[in-house]
Structures are given as C-alpha cells and as structure tokens.
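Since the structure comes first, as structure tokens, the remarks are kept for the end.
In listed order, ligands and their atoms are each counted from 1. Please read these numbers as outputs of a predicted model, since none were measured by experiment.
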Amino acid sequence: MQAGNVAIYGLGNMGYPLAERIGRQFSTQVFDLDSAQLKRAQEAFGAERIASPEMLADTSIVVLCLPTPAVSLSVLRQIAPHLPTGAVVLETSTVNPEHIVAEQAVLENLGIHLVDASIMAGVGQMVAGTASLALGGNLDAIAKAQPVLDAIASKQTNFGPLGAGAAAKVINNAVAHAVMVVVAEAGALATAAGVDSAKLIALLSDAQMGLHRPLTYRYADRIMKGDYDGGMPLDAARKDSVLALQLAQTLGVPLFAIQGSHSVYDMGVAAGYGRDDYAAVAKLWADWGCPTVPDPATR
Ligand SMILES: NC(=O)c1ccc[n+]([C@@H]2O[C@H](COP(=O)([O-])OP(=O)(O)OC[C@H]3O[C@@H](n4cnc5c(N)ncnc54)[C@H](O)[C@@H]3O)[C@@H](O)[C@H]2O)c1
C-alpha cells in the first residue's frame, strides 16, 4: 500500500485513538469539525488536514468514525465524487445494515467499495490494541483494506455480506444492554433477599450457571440442532419464573426485563411446548416467521 492514502473522518473519543493507530503505520489525512482534534492529530502523528475533498484524489482507503448514520452519509456524498475508482471506504461507526445499504448506493456507481468494520470495543481497548472488528462486505475489498484493518485491530471476524458486521455489532450491544438490566434486577432481588452480592456474582460467572447456559448450551447446542427432548421442561421454567416474580413482589423489588421474559414462557406453554426443554421458547420465533437459526431445525 502506498503512503499518504488513508483518510480518516471523525477524530472523537473513538476516532482519535483509531486514527492514531493507523497513523503509526501509514501517512494519514484527517478531517473533523473540531479544529483542536485536527491540530492534535497533526502534532501527534503528522496527519495532514483535509482542507477540501479535492485532496482525496490519491486516497485509496477512507475510514469513517462518525457520530450518526446521517453524518456518515452526508460526508460520503461530499467526498465520493473526489475519490479514485477502486477506493475502499471502511465504515467503523456504529450503524444499521440499512445505513450501510444507503452508503453503498452513493458509492457503487463510482466504482468505490464499502466494508462495514464495526468496532467491538471501548476506547480503552482501542488504545491498548485489544479491540476487535466485526466485518461485512466483498472479500476483495476487505483484502485491499486489510493492512489498515490490521492497524486498527488485529482481531477481526468476517460476518459475511455487506451490513452483517454492523448487524452483529448492534445485536451484541443489544444483548449487553438487555443483560445489564437483567443483572441489575438480579442484584436488587439478591440484596433484598439477603444474598451476598459477591457470591451472586461468582454464581452467575460460573459457566454452568444461569447467565451462560442459555447461550452456550441451549442456543449453541439444542436450538442449533432443533433438539428439545428431555432437559428442563418449559413448564418447570415457567413455574420457576413465577417464583421469581412472587419473590420480587414479596420483597417489593420492581422488575421489568425478568417480568417481560415471563410472558414468553406463558406463550410457550400456551403454544403446547410445556413438555419440551425450555430452549423451545425459540420455537415461538420460528412460529412468527423469524427463526433463530436459518435452517428451520427449531421445528
Ligand atoms: N466511543 C466508543 O466507545 C465507541 C465504541 C464503538 C463504536 N463507537 C462508534 O464510533 C463512532 C464514533 O464514536 P466516538 O466515540 O468517536 O464519537 P464522538 O462523539 O466522541 O466523536 C464524533 C466526532 O465526529 C466529529 N464530526 C461530527 N460531524 C462531522 C463531520 N461532518 N465531519 C467530520 N467530523 C465530524 C465530531 O466533531 C467528533 O469529534 C460512533 O458511531 C460510535 O457509536 C464508539
């Protein structure tokens, strides 16, 4: 890859350390609305300020790390006509697949490729070099951008077609945020019930216990194989879930996520899945036309 050909748009909390990592290996061009950040990048790693998009005529890789999908699209509309054919844009901002599709529509007629490269990490991990990227897009385009992707993060997972990396990132965050609420509720219940917090944390950290098993056993094994025989019946899981709601009522602890989840067990029993292993809640999503695995093995 030639020097002087990586342009980075967005030098914010995440964008700056990302640009700094690229700047250690490549000569960079940078743009941000914040002139202090531009000056910082110029002084720290010799980045060239992009005074106008005409300066991108020899730029083969563009990295976006911008605050909203609308800003990414607006920046691309301004710069795309000035990029050389064959350039690759890496969208590292957190966006949805529909935004990736809209960005692709701006680029494809110009012969410019797009790769979604969502950042699966916080700022500290980006600084420490332990971030990972969730990729989606054309393999040739990914190969062309590989040295820059490697400069950002050595750990990368290719999730497949354009937009799949962005979707994986959004799903990962959705899981983290939902589990955060469940964990907060669990802590409140435990504290009210006199269960030691540190011991609760140790219990839920155990790979064989409630936090991990639904994913690592029930999804990864049972749902993937469509195997709902034996195990813990959905009826019994519903009964235990009733006990948790009763405990919360007795102790006066408000529940939201755990209470909402209980309704799914009611629906599973109503659908006739009471004697299946409780992983059979996945069958409800298959019944609704949204199977949890591509193969309708959940049936
Ligand atoms: N901060 C994190 O921990 C983190 C983690 C993963 C992903 N992300 C994603 O990375 C993206 C950037 O995050 P951040 O934390 O750096 O955000 P930020 O708000 O700190 O920075 C955004 C930067 O974009 C600049 N900007 C706004 N409009 C611009 C434009 N038209 N042209 C050029 N620059 C412009 C702003 O001046 C600002 O410096 C977001 O999509 C975010 O969701 C952030």
For [X], take its heavy atoms, then give the atoms of ligand 1 lying under 4.0 Å from any of them.
X      : answer
Gly15  : 16 (O)
Cys65  : 10 (O), 11 (C), 12 (C)
Ala121 : 5 (C), 6 (C)

Looking only at distances, can you tell me whether any N or O atom of [X], backbone or side chain, sits closer than 3.5 Å to an N or O atom of ligand 1?
X      : value
Ile119 : no
Thr94  : yes
Tyr9   : no

Item to complete: Could you pull out, from Pro67, Ala36, Ala19, the option with a heavy atom nearest to atom 27 (C) of ligand 1?
Response: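 Among Pro67, Ala36, Ala19, the closest heavy atom to atom 27 (C) of ligand 1 comes from Pro67.
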Item to complete: Check each of Asp34, Asp32, Leu33, Ile8 against atom 37 (O) of ligand 1 and report the one with the nearest heavy atom.
Response: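 It is Asp32 that holds the nearest heavy atom.
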Discussion item. Can you pull out every salt bridge (charged side-chain N to carboxylate O under 4.0 Å, His left out) where at least one residue sits in residues 260-270? Sequence neighbours excluded, please.
Written reply: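 Those involving residues 260-270 are Arg238-Asp266.
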Discussion item. Which heavy atom of Arg21 sits nearest to which heavy atom of Met126, and what is that distance?
Written reply: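 That closest heavy-atom pairing would be CD-O, 3.2 Å.
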Practice prompt. Look up atom OG in Ser72 and atom CG in Leu64, then write down how far apart they are to the nearest 0.5 Å.
Written response: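 Those atoms lie 5.0 Å apart.
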Discussion item. Does only the side chain of Leu66 get under 4.0 Å from ligand 1, or the backbone, or both, or neither? Count heavy atoms.
Written reply: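 Both backbone and side chain.
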